[in-house]
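Below is one structure, written out as C-alpha coordinates; the observations come after it.
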Amino acid sequence: MNIVVEPARALIGHVTVPGDKSVSHRAVLLGAIADGETEIAGFGRAGDTDSTISAVRALGVEVDERDVDQLTVRGVGLRGLRPPDGPIDCGNAGTLMRLLAGILAGQEGRFELVGDESLSRRPMDRVADPLRKMRARIETTDGHAPVVVEGGPLKGIRYELPVASAQVKSATLLAGLFAEGRTTVVEPIATRDHTELMLVAAGVGVDRRAHNVTVEGIERLELGRVDVPGDFSSAAPLIVAACLVPGSQLYVHNVGVNPTRTGLLDVLERMRARVTVFNRRRLGGEPVADIEARSSSLVATSIDPGEVPRLVDELPLVALAAGMARGQTVVRGAQELRVKETDRLESVKELLRPLGIRMTTSEDGLRVAGVPSRPKGGGVAHAGGDHRLAILGAVAGLVSREGVRIEGAEAAAISFPGFFELLESVSKR
Ligand code: S3P
(Lines give C-alpha, C1' and ligand atoms only; values in the text may rest on other atoms or scores of the structure.)
Protein backbone atom coordinates (compact mmCIF):
# COMPACT_ATOMS: atom_id res chain seq x y z
CA MET A 1 0.00 0.00 0.00
CA ASN A 2 1.31 3.44 -0.96
CA ILE A 3 0.27 6.61 0.87
CA VAL A 4 1.17 10.17 -0.03
CA VAL A 5 1.58 12.49 2.95
CA GLU A 6 1.29 16.12 1.89
CA PRO A 7 2.97 19.01 3.72
CA ALA A 8 1.02 20.38 6.68
CA ARG A 9 0.57 24.07 7.53
CA ALA A 10 0.24 23.17 11.22
CA LEU A 11 -0.56 20.28 13.52
CA ILE A 12 -3.29 21.22 15.95
CA GLY A 13 -5.30 19.12 18.36
CA HIS A 14 -5.55 16.62 21.17
CA VAL A 15 -4.81 12.95 20.58
CA THR A 16 -4.12 9.68 22.34
CA VAL A 17 -1.96 6.86 21.01
CA PRO A 18 -2.28 3.05 21.30
CA GLY A 19 -1.11 1.31 24.46
CA ASP A 20 2.59 0.70 24.95
CA LYS A 21 3.80 -2.20 22.82
CA SER A 22 6.54 -3.29 25.23
CA VAL A 23 4.14 -3.32 28.19
CA SER A 24 1.39 -5.04 26.16
CA HIS A 25 3.67 -7.92 25.10
CA ARG A 26 4.79 -8.39 28.70
CA ALA A 27 1.24 -8.25 30.10
CA VAL A 28 0.09 -11.06 27.80
CA LEU A 29 3.20 -13.18 28.33
CA LEU A 30 3.21 -12.82 32.12
CA GLY A 31 -0.60 -13.13 32.19
CA ALA A 32 -0.19 -16.47 30.40
CA ILE A 33 1.98 -17.95 33.17
CA ALA A 34 0.15 -16.22 36.03
CA ASP A 35 -2.31 -17.88 38.34
CA GLY A 36 -5.88 -16.87 37.54
CA GLU A 37 -7.15 -14.17 35.21
CA THR A 38 -5.30 -11.04 34.14
CA GLU A 39 -7.38 -8.10 32.93
CA ILE A 40 -5.45 -5.91 30.51
CA ALA A 41 -6.85 -2.41 29.94
CA GLY A 42 -5.49 -0.08 27.27
CA PHE A 43 -3.84 -2.99 25.41
CA GLY A 44 -1.79 -1.74 22.47
CA ARG A 45 -3.51 -3.55 19.66
CA ALA A 46 -1.11 -3.84 16.72
CA GLY A 47 0.45 -6.39 14.38
CA ASP A 48 3.21 -7.24 16.87
CA THR A 49 0.98 -7.63 19.90
CA ASP A 50 -1.53 -9.70 17.89
CA SER A 51 1.38 -12.09 17.31
CA THR A 52 1.78 -12.36 21.09
CA ILE A 53 -1.89 -13.19 21.60
CA SER A 54 -1.67 -15.89 18.89
CA ALA A 55 1.53 -17.28 20.40
CA VAL A 56 0.10 -17.76 23.90
CA ARG A 57 -3.09 -19.24 22.43
CA ALA A 58 -0.94 -21.76 20.54
CA LEU A 59 0.58 -22.64 23.93
CA GLY A 60 -2.85 -23.46 25.37
CA VAL A 61 -3.76 -20.12 26.98
CA GLU A 62 -7.25 -18.68 26.58
CA VAL A 63 -7.38 -14.99 25.70
CA ASP A 64 -10.75 -13.29 25.73
CA GLU A 65 -10.78 -10.15 23.56
CA ARG A 66 -13.51 -8.13 25.20
CA ASP A 67 -12.75 -5.08 23.08
CA VAL A 68 -9.90 -3.92 20.84
CA ASP A 69 -7.96 -2.73 23.87
CA GLN A 70 -9.47 -4.87 26.65
CA LEU A 71 -8.28 -8.42 27.14
CA THR A 72 -8.68 -11.16 29.68
CA VAL A 73 -5.84 -13.67 29.77
CA ARG A 74 -6.63 -16.89 31.60
CA GLY A 75 -3.30 -17.85 33.07
CA VAL A 76 -2.24 -21.50 33.16
CA GLY A 77 0.29 -21.09 35.96
CA LEU A 78 4.07 -20.84 35.90
CA ARG A 79 4.74 -24.22 34.26
CA GLY A 80 1.42 -24.74 32.48
CA LEU A 81 2.30 -23.89 28.85
CA ARG A 82 1.86 -26.84 26.45
CA PRO A 83 3.85 -27.42 23.24
CA PRO A 84 1.70 -26.90 20.14
CA ASP A 85 1.81 -29.37 17.22
CA GLY A 86 3.64 -26.97 14.94
CA PRO A 87 5.97 -23.96 15.21
CA ILE A 88 4.96 -20.79 17.07
CA ASP A 89 4.84 -17.85 14.66
CA CYS A 90 6.28 -14.66 16.19
CA GLY A 91 5.62 -12.64 13.01
CA ASN A 92 7.71 -9.46 13.01
CA ALA A 93 8.00 -9.22 16.81
CA GLY A 94 11.54 -9.47 18.21
CA THR A 95 10.32 -8.76 21.73
CA LEU A 96 7.95 -11.73 21.53
CA MET A 97 10.53 -14.17 20.21
CA ARG A 98 13.21 -13.23 22.71
CA LEU A 99 11.04 -12.97 25.85
CA LEU A 100 9.13 -16.13 25.00
CA ALA A 101 12.41 -18.04 24.58
CA GLY A 102 13.20 -17.17 28.21
CA ILE A 103 9.80 -18.39 29.43
CA LEU A 104 9.84 -21.59 27.37
CA ALA A 105 13.27 -22.56 28.68
CA GLY A 106 11.52 -23.35 31.97
CA GLN A 107 8.54 -25.28 30.54
CA GLU A 108 8.22 -28.97 29.75
CA GLY A 109 8.47 -29.97 26.10
CA ARG A 110 9.96 -28.87 22.79
CA PHE A 111 9.00 -25.55 21.24
CA GLU A 112 9.96 -24.08 17.86
CA LEU A 113 9.82 -20.31 17.33
CA VAL A 114 9.67 -18.93 13.80
CA GLY A 115 9.29 -15.40 12.43
CA ASP A 116 8.82 -13.45 9.23
CA GLU A 117 11.68 -12.65 6.85
CA SER A 118 12.85 -9.59 8.79
CA LEU A 119 12.72 -11.30 12.20
CA SER A 120 14.54 -14.31 10.73
CA ARG A 121 17.49 -12.06 9.90
CA ARG A 122 17.82 -10.69 13.45
CA PRO A 123 20.36 -12.04 15.96
CA MET A 124 19.06 -14.67 18.37
CA ASP A 125 22.30 -15.94 19.89
CA ARG A 126 22.16 -12.94 22.20
CA VAL A 127 19.31 -14.67 24.07
CA ALA A 128 20.51 -18.23 23.47
CA ASP A 129 23.86 -17.47 25.14
CA PRO A 130 22.61 -16.55 28.63
CA LEU A 131 19.90 -19.21 28.48
CA ARG A 132 22.49 -21.89 27.65
CA LYS A 133 24.56 -20.71 30.60
CA MET A 134 21.45 -21.40 32.68
CA ARG A 135 21.57 -24.97 31.23
CA ALA A 136 18.69 -24.46 28.84
CA ARG A 137 18.71 -26.53 25.67
CA ILE A 138 18.23 -24.05 22.88
CA GLU A 139 19.23 -24.19 19.22
CA THR A 140 19.27 -21.32 16.76
CA THR A 141 19.67 -21.57 12.99
CA ASP A 142 23.08 -20.05 12.43
CA GLY A 143 22.32 -17.57 15.18
CA HIS A 144 18.83 -16.80 13.86
CA ALA A 145 15.26 -18.09 13.89
CA PRO A 146 13.94 -20.75 13.77
CA VAL A 147 14.83 -21.15 17.42
CA VAL A 148 14.14 -24.48 19.13
CA VAL A 149 13.81 -24.54 22.92
CA GLU A 150 13.62 -27.73 24.92
CA GLY A 151 12.50 -26.89 28.39
CA GLY A 152 14.13 -28.36 31.44
CA PRO A 153 15.64 -27.58 34.84
CA LEU A 154 17.53 -24.27 34.93
CA LYS A 155 20.20 -22.88 37.16
CA GLY A 156 20.53 -19.23 38.17
CA ILE A 157 23.48 -17.25 36.78
CA ARG A 158 25.12 -13.88 36.98
CA TYR A 159 25.18 -12.46 33.45
CA GLU A 160 26.71 -9.25 32.23
CA LEU A 161 24.91 -8.04 29.11
CA PRO A 162 27.34 -7.72 26.21
CA VAL A 163 24.78 -5.51 24.39
CA ALA A 164 22.45 -3.00 26.02
CA SER A 165 19.20 -4.83 25.31
CA ALA A 166 16.02 -4.90 27.37
CA GLN A 167 14.91 -7.96 25.44
CA VAL A 168 17.97 -9.97 26.45
CA LYS A 169 17.75 -8.72 30.04
CA SER A 170 14.06 -9.67 30.15
CA ALA A 171 14.54 -13.13 28.61
CA THR A 172 17.22 -13.91 31.20
CA LEU A 173 15.16 -12.63 34.14
CA LEU A 174 12.07 -14.52 32.97
CA ALA A 175 14.09 -17.75 32.72
CA GLY A 176 15.38 -16.88 36.20
CA LEU A 177 11.84 -17.30 37.57
CA PHE A 178 12.14 -21.03 36.77
CA ALA A 179 15.74 -21.45 37.88
CA GLU A 180 17.26 -22.86 41.02
CA GLY A 181 18.92 -20.04 42.97
CA ARG A 182 19.45 -16.43 41.97
CA THR A 183 19.71 -14.91 38.51
CA THR A 184 21.44 -11.56 38.24
CA VAL A 185 21.64 -9.48 35.09
CA VAL A 186 24.31 -6.80 35.07
CA GLU A 187 23.66 -3.97 32.66
CA PRO A 188 26.39 -1.43 32.02
CA ILE A 189 23.84 0.95 30.46
CA ALA A 190 20.28 0.98 31.80
CA THR A 191 17.56 -0.24 29.42
CA ARG A 192 13.78 -0.14 29.71
CA ASP A 193 12.59 -1.73 32.95
CA HIS A 194 8.99 -2.72 32.15
CA THR A 195 9.68 -6.38 32.95
CA GLU A 196 11.05 -5.52 36.39
CA LEU A 197 8.08 -3.23 37.17
CA MET A 198 5.53 -5.81 36.04
CA LEU A 199 7.21 -8.60 38.01
CA VAL A 200 7.01 -6.45 41.13
CA ALA A 201 3.31 -5.81 40.39
CA ALA A 202 2.88 -9.59 40.11
CA GLY A 203 4.28 -10.10 43.60
CA VAL A 204 7.73 -11.30 42.54
CA GLY A 205 10.74 -10.21 44.60
CA VAL A 206 13.03 -8.16 42.35
CA ASP A 207 16.25 -6.81 43.83
CA ARG A 208 17.25 -3.71 41.85
CA ARG A 209 20.68 -2.09 42.27
CA ALA A 210 22.38 0.66 40.27
CA HIS A 211 23.66 -1.67 37.53
CA ASN A 212 22.09 -5.00 38.21
CA VAL A 213 18.77 -6.78 38.71
CA THR A 214 18.25 -10.05 40.57
CA VAL A 215 15.34 -12.47 40.72
CA GLU A 216 15.00 -15.88 42.35
CA GLY A 217 13.14 -18.98 41.30
CA ILE A 218 9.44 -18.72 42.25
CA GLU A 219 6.42 -21.01 42.50
CA ARG A 220 3.70 -18.67 41.27
CA LEU A 221 2.85 -15.15 40.21
CA GLU A 222 -0.41 -13.26 40.00
CA LEU A 223 -0.97 -10.09 37.99
CA GLY A 224 -4.70 -9.45 38.36
CA ARG A 225 -4.86 -6.27 36.31
CA VAL A 226 -2.56 -4.30 34.03
CA ASP A 227 -3.32 -0.74 32.90
CA VAL A 228 -1.23 -0.02 29.84
CA PRO A 229 -0.17 3.60 29.28
CA GLY A 230 0.00 5.13 25.79
CA ASP A 231 3.16 4.17 23.91
CA PHE A 232 5.84 6.86 24.16
CA SER A 233 7.36 5.51 20.95
CA SER A 234 4.04 6.09 19.16
CA ALA A 235 3.66 9.57 20.68
CA ALA A 236 7.19 10.40 19.50
CA PRO A 237 6.41 10.91 15.78
CA LEU A 238 3.57 13.27 16.72
CA ILE A 239 5.75 15.22 19.15
CA VAL A 240 8.57 15.56 16.64
CA ALA A 241 6.19 16.50 13.82
CA ALA A 242 4.61 19.24 15.98
CA CYS A 243 8.07 20.62 16.80
CA LEU A 244 9.00 20.72 13.13
CA VAL A 245 5.83 22.03 11.45
CA PRO A 246 5.50 25.82 11.98
CA GLY A 247 2.41 27.02 13.86
CA SER A 248 1.77 23.67 15.58
CA GLN A 249 0.37 23.00 19.00
CA LEU A 250 -0.38 19.38 19.69
CA TYR A 251 -1.29 17.53 22.86
CA VAL A 252 -0.73 13.82 23.34
CA HIS A 253 -2.57 12.56 26.40
CA ASN A 254 -1.96 9.58 28.67
CA VAL A 255 1.54 8.75 27.47
CA GLY A 256 3.91 6.45 29.34
CA VAL A 257 6.89 8.51 30.49
CA ASN A 258 8.99 5.81 32.11
CA PRO A 259 12.42 7.52 32.29
CA THR A 260 14.06 4.49 30.64
CA ARG A 261 12.06 5.38 27.53
CA THR A 262 12.03 9.17 27.32
CA GLY A 263 15.55 10.00 26.14
CA LEU A 264 13.94 11.79 23.20
CA LEU A 265 12.54 14.44 25.57
CA ASP A 266 16.04 15.20 26.89
CA VAL A 267 17.41 15.40 23.36
CA LEU A 268 14.59 17.70 22.23
CA GLU A 269 15.15 19.91 25.26
CA ARG A 270 18.82 20.30 24.32
CA MET A 271 17.66 21.12 20.79
CA ARG A 272 15.52 23.91 22.36
CA ALA A 273 12.21 22.32 21.43
CA ARG A 274 9.08 23.66 23.10
CA VAL A 275 7.83 20.44 24.67
CA THR A 276 6.07 20.37 28.04
CA VAL A 277 5.28 17.32 30.14
CA PHE A 278 2.43 17.88 32.59
CA ASN A 279 -0.18 16.04 34.63
CA ARG A 280 2.38 13.51 35.79
CA ARG A 281 0.73 10.56 37.53
CA ARG A 282 1.09 6.78 37.91
CA LEU A 283 -0.91 4.14 36.10
CA GLY A 284 -0.30 0.75 37.66
CA GLY A 285 3.45 0.61 38.16
CA GLU A 286 4.26 2.97 35.28
CA PRO A 287 4.61 6.78 35.19
CA VAL A 288 2.22 8.54 32.81
CA ALA A 289 1.74 12.16 31.71
CA ASP A 290 0.27 14.44 29.05
CA ILE A 291 2.63 16.09 26.60
CA GLU A 292 2.33 19.38 24.72
CA ALA A 293 4.56 19.99 21.70
CA ARG A 294 4.79 23.31 19.84
CA SER A 295 6.68 24.35 16.74
CA SER A 296 10.27 25.19 17.57
CA SER A 297 13.51 26.47 16.06
CA LEU A 298 15.87 23.62 16.77
CA VAL A 299 19.62 23.59 17.27
CA ALA A 300 21.95 20.62 16.81
CA THR A 301 23.04 18.37 19.66
CA SER A 302 25.19 15.29 20.26
CA ILE A 303 24.02 11.96 21.58
CA ASP A 304 26.40 9.69 23.48
CA PRO A 305 26.33 5.89 23.79
CA GLY A 306 25.00 6.03 27.37
CA GLU A 307 21.86 7.78 26.18
CA VAL A 308 21.05 5.50 23.24
CA PRO A 309 18.98 2.76 24.95
CA ARG A 310 16.59 5.42 26.29
CA LEU A 311 15.71 6.53 22.76
CA VAL A 312 16.73 3.59 20.61
CA ASP A 313 13.43 3.41 18.71
CA GLU A 314 13.24 7.23 18.36
CA LEU A 315 16.64 7.75 16.70
CA PRO A 316 15.16 7.74 13.17
CA LEU A 317 13.00 10.71 14.22
CA VAL A 318 16.01 12.41 15.82
CA ALA A 319 17.81 12.17 12.46
CA LEU A 320 14.94 14.00 10.75
CA ALA A 321 14.77 16.67 13.48
CA ALA A 322 18.54 17.09 13.22
CA GLY A 323 18.16 17.63 9.48
CA MET A 324 16.08 20.73 10.25
CA ALA A 325 18.17 22.00 13.18
CA ARG A 326 20.90 24.62 13.04
CA GLY A 327 24.32 22.94 13.12
CA GLN A 328 25.69 19.42 12.98
CA THR A 329 24.21 16.62 15.08
CA VAL A 330 26.31 13.56 15.95
CA VAL A 331 25.00 10.24 17.34
CA ARG A 332 27.46 7.66 18.71
CA GLY A 333 26.99 4.20 20.20
CA ALA A 334 23.93 3.39 18.09
CA GLN A 335 25.23 0.16 16.49
CA GLU A 336 22.09 -1.64 17.72
CA LEU A 337 20.14 0.24 15.02
CA ARG A 338 21.85 -2.01 12.49
CA VAL A 339 20.02 -5.11 13.83
CA LYS A 340 16.49 -3.72 14.12
CA GLU A 341 13.68 -4.57 11.64
CA THR A 342 15.99 -3.05 9.01
CA ASP A 343 19.52 -1.67 9.33
CA ARG A 344 18.13 1.63 10.55
CA LEU A 345 21.35 3.57 10.15
CA GLU A 346 21.40 2.89 6.41
CA SER A 347 17.64 2.81 5.81
CA VAL A 348 17.09 6.17 7.55
CA LYS A 349 19.88 7.72 5.49
CA GLU A 350 18.24 6.40 2.29
CA LEU A 351 14.82 7.60 3.36
CA LEU A 352 15.98 11.12 4.17
CA ARG A 353 18.17 11.53 1.09
CA PRO A 354 15.39 12.59 -1.37
CA LEU A 355 14.45 15.34 1.11
CA GLY A 356 17.90 16.81 0.70
CA ILE A 357 18.87 15.89 4.29
CA ARG A 358 22.57 15.15 4.36
CA MET A 359 23.38 12.34 6.72
CA THR A 360 26.46 10.16 6.89
CA THR A 361 26.75 6.93 8.83
CA SER A 362 29.59 5.23 10.67
CA GLU A 363 29.76 1.75 12.18
CA ASP A 364 28.00 2.94 15.34
CA GLY A 365 26.26 6.18 14.54
CA LEU A 366 25.36 9.02 12.29
CA ARG A 367 26.09 12.62 11.56
CA VAL A 368 23.54 15.06 10.15
CA ALA A 369 24.24 18.51 8.74
CA GLY A 370 21.09 20.46 9.55
CA VAL A 371 19.45 23.24 7.53
CA PRO A 372 16.80 25.14 9.49
CA SER A 373 14.08 25.24 6.83
CA ARG A 374 11.53 22.87 5.33
CA PRO A 375 13.29 20.10 3.39
CA LYS A 376 12.31 20.05 -0.26
CA GLY A 377 10.63 16.67 0.01
CA GLY A 378 9.05 14.88 -2.87
CA GLY A 379 10.30 11.49 -3.73
CA VAL A 380 9.52 8.10 -2.36
CA ALA A 381 10.16 6.61 1.06
CA HIS A 382 10.51 2.82 1.04
CA ALA A 383 9.34 1.39 4.35
CA GLY A 384 10.90 -2.00 3.51
CA GLY A 385 8.58 -3.71 6.01
CA ASP A 386 9.88 -1.54 8.88
CA HIS A 387 7.12 0.20 10.87
CA ARG A 388 9.38 2.94 12.21
CA LEU A 389 10.40 3.82 8.63
CA ALA A 390 6.80 4.01 7.38
CA ILE A 391 6.08 6.39 10.27
CA LEU A 392 9.25 8.43 9.68
CA GLY A 393 8.28 8.80 6.01
CA ALA A 394 4.92 10.25 7.05
CA VAL A 395 6.48 12.79 9.42
CA ALA A 396 8.95 13.70 6.67
CA GLY A 397 6.00 14.29 4.31
CA LEU A 398 4.29 16.66 6.75
CA VAL A 399 7.38 18.76 7.36
CA SER A 400 8.53 18.79 3.72
CA ARG A 401 7.74 21.28 0.97
CA GLU A 402 6.45 18.74 -1.56
CA GLY A 403 5.16 15.75 0.39
CA VAL A 404 6.43 12.18 0.51
CA ARG A 405 5.02 9.00 -1.01
CA ILE A 406 5.45 6.07 1.37
CA GLU A 407 5.74 2.68 -0.28
CA GLY A 408 4.78 -0.20 1.98
CA ALA A 409 2.90 2.17 4.32
CA GLU A 410 0.96 -0.77 5.79
CA ALA A 411 4.07 -1.58 7.90
CA ALA A 412 3.03 1.23 10.28
CA ALA A 413 0.32 -1.09 11.64
CA ILE A 414 3.01 -3.31 13.21
CA SER A 415 3.10 -0.80 16.07
CA PHE A 416 0.45 1.83 15.28
CA PRO A 417 -2.72 0.88 13.39
CA GLY A 418 -4.64 4.02 12.40
CA PHE A 419 -1.48 6.14 12.41
CA PHE A 420 -2.12 7.83 9.05
CA GLU A 421 -5.74 8.62 9.91
CA LEU A 422 -4.71 10.10 13.26
CA LEU A 423 -2.04 12.22 11.60
CA GLU A 424 -4.54 13.44 9.02
CA SER A 425 -7.04 14.39 11.74
CA VAL A 426 -4.61 16.90 13.29
CA SER A 427 -3.01 18.20 10.05
CA LYS A 428 -4.11 21.64 8.86
CA ARG A 429 -3.45 22.36 5.20
C1 S3P B 1 12.12 -3.62 23.42
C2 S3P B 1 13.46 -3.38 23.55
C3 S3P B 1 14.27 -2.72 22.50
C4 S3P B 1 13.39 -1.97 21.52
C5 S3P B 1 12.22 -2.78 21.05
C6 S3P B 1 11.36 -3.19 22.23
C7 S3P B 1 11.42 -4.32 24.52
O8 S3P B 1 15.00 -3.70 21.81
O9 S3P B 1 14.16 -1.55 20.40
O10 S3P B 1 11.44 -2.04 20.14
O11 S3P B 1 10.17 -4.33 24.54
O12 S3P B 1 12.09 -4.86 25.39
P13 S3P B 1 16.43 -4.23 22.35
O14 S3P B 1 16.21 -4.90 23.64
O15 S3P B 1 16.90 -5.20 21.30
O16 S3P B 1 17.28 -3.02 22.43
Side-chain angles (χ1 to χ4, degrees), residues 18-30 43-44 46-49 51-52 90-103 115 118-119 121-130 143-145 159 161-174 185 187-199 213 226 228-229 231-237 256 258 260-264 286 305-318 333-345 347-348 364 386-389 391-392 411-412 414-416:
D20 189 286
K21 186 156 78 77
S22 290
V23 175
S24 297
H25 282 305
R26 286 160 171 78
V28 174
L29 291 171
L30 281 184
F43 178 73
D48 265 5
T49 53
S51 294
T52 298
C90 298
N92 192 244
T95 304
L96 169 60
M97 187 173 279
R98 292 181 177 135
L99 270 57
L100 189 55
I103 291 174
S118 153
L119 183 53
R121 280 195 303 267
R122 299 180 65 188
M124 290 301 149
D125 273 343
R126 53 178 58 197
V127 280
D129 286 344
H144 302 95
Y159 188 68
L161 289 180
V163 284
S165 163
Q167 294 175 356
V168 179
K169 172 178 66 174
S170 300
T172 311
L173 291 176
L174 290 171
V185 178
E187 49 173 2
I189 306 178
T191 63
R192 65 190 69 191
D193 63 357
H194 304 300
T195 301
E196 294 89 311
L197 293 179
M198 204 177 288
L199 286 174
V213 195
V226 181
V228 185
D231 196 328
F232 183 82
S233 296
S234 295
N258 180 317
T260 61
R261 293 285 298 282
T262 53
L264 175 70
E286 294 276 349
E307 201 169 19
V308 166
R310 298 179 54 240
L311 80 168
V312 63
D313 295 334
E314 287 65 69
L315 281 171
L317 292 163
V318 170
Q335 60 279 359
E336 275 297 299
L337 288 198
R338 294 202 180 273
V339 291
K340 293 295 177 189
E341 285 79 338
T342 56
D343 175 342
R344 286 187 184 151
L345 289 177
S347 54
V348 168
D364 77 333
D386 185 338
H387 57 121
R388 304 274 177 226
L389 290 186
I391 288 171
L392 176 67
I414 286 289
S415 62
F416 198 157

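Whatever order the structure lists them in is the order used to number ligands and atoms, beginning at 1. The analysis underlying the following values was restricted to heavy atoms, covering all of them including side chains, and did not include hydrogens, waters or symmetry mates.
The closest protein non-hydrogen atom to atom 11 (O) of ligand 1 is Ser22 OG, 2.7 Å. When only non-hydrogen protein atoms are considered, atom 14 (O) of ligand 1 lies nearest to Ser165 OG, 2.7 Å.
A donor and an acceptor atom, one from each side chain of Lys169 and Thr191, are located under 3.5 Å apart. For the 3.5 Å distance criterion, the side chains of His387 and Ser415 qualify, holding a donor opposite an acceptor.
The existence of a salt bridge linking Arg122 and Glu341 is confirmed by a sub-4.0 Å separation between a basic side-chain nitrogen and an acidic carboxylate oxygen. A salt bridge links Arg192 with Asp313: at least one charged nitrogen is closer than 4.0 Å to a carboxylate oxygen. Remark: Glu286 does not engage Arg261 in a salt bridge, criterion side-chain N to carboxylate O under 4.0 Å.
Looking at Ala166 next to ligand 1, an N or O pair under 3.5 Å apart turns up.
Remark: ligand 1 atoms within the under-4.0 Å shell around heavy atoms of Lys340 are 3 (C), 4 (C), 8 (O), 9 (O), 13 (P), 15 (O), 16 (O). With ligand atoms numbered from 1 in the order given, ligand 1 contributes 9 (O) to contacts under 4.0 Å with heavy atoms of Val312. Residue-ligand proximity, Asp313 to ligand 1, at heavy-atom distances under 4.0 Å covers atoms 4 (C), 5 (C), 9 (O), 10 (O).
Neither the backbone nor the side chain of Lys21 has any atom closer than 4.0 Å to an atom of ligand 1 (non-hydrogen atoms only). At a heavy-atom distance under 4.0 Å, no atom of His194 approaches ligand 1.
Between Arg26 and the options Asp20, Thr95, Thr52, Thr195, a side-chain hydrogen bond (donor to acceptor under 3.5 Å, both in side chains) holds for only Thr195.
If you check each of Val339, Thr95, Leu99, Val127 against atom 6 (C) of ligand 1, the one with the closest non-hydrogen atom is Thr95. Residue nearest to atom 1 (C) of ligand 1, selected from Arg26, Arg98, Gln167: Gln167 (by heavy-atom distance).
Judged by distance alone, with hydrogens and angles left aside, the side-chain atoms of Asp364 form no donor-acceptor pair with the main-chain N or O of Gln335 at under 3.5 Å.
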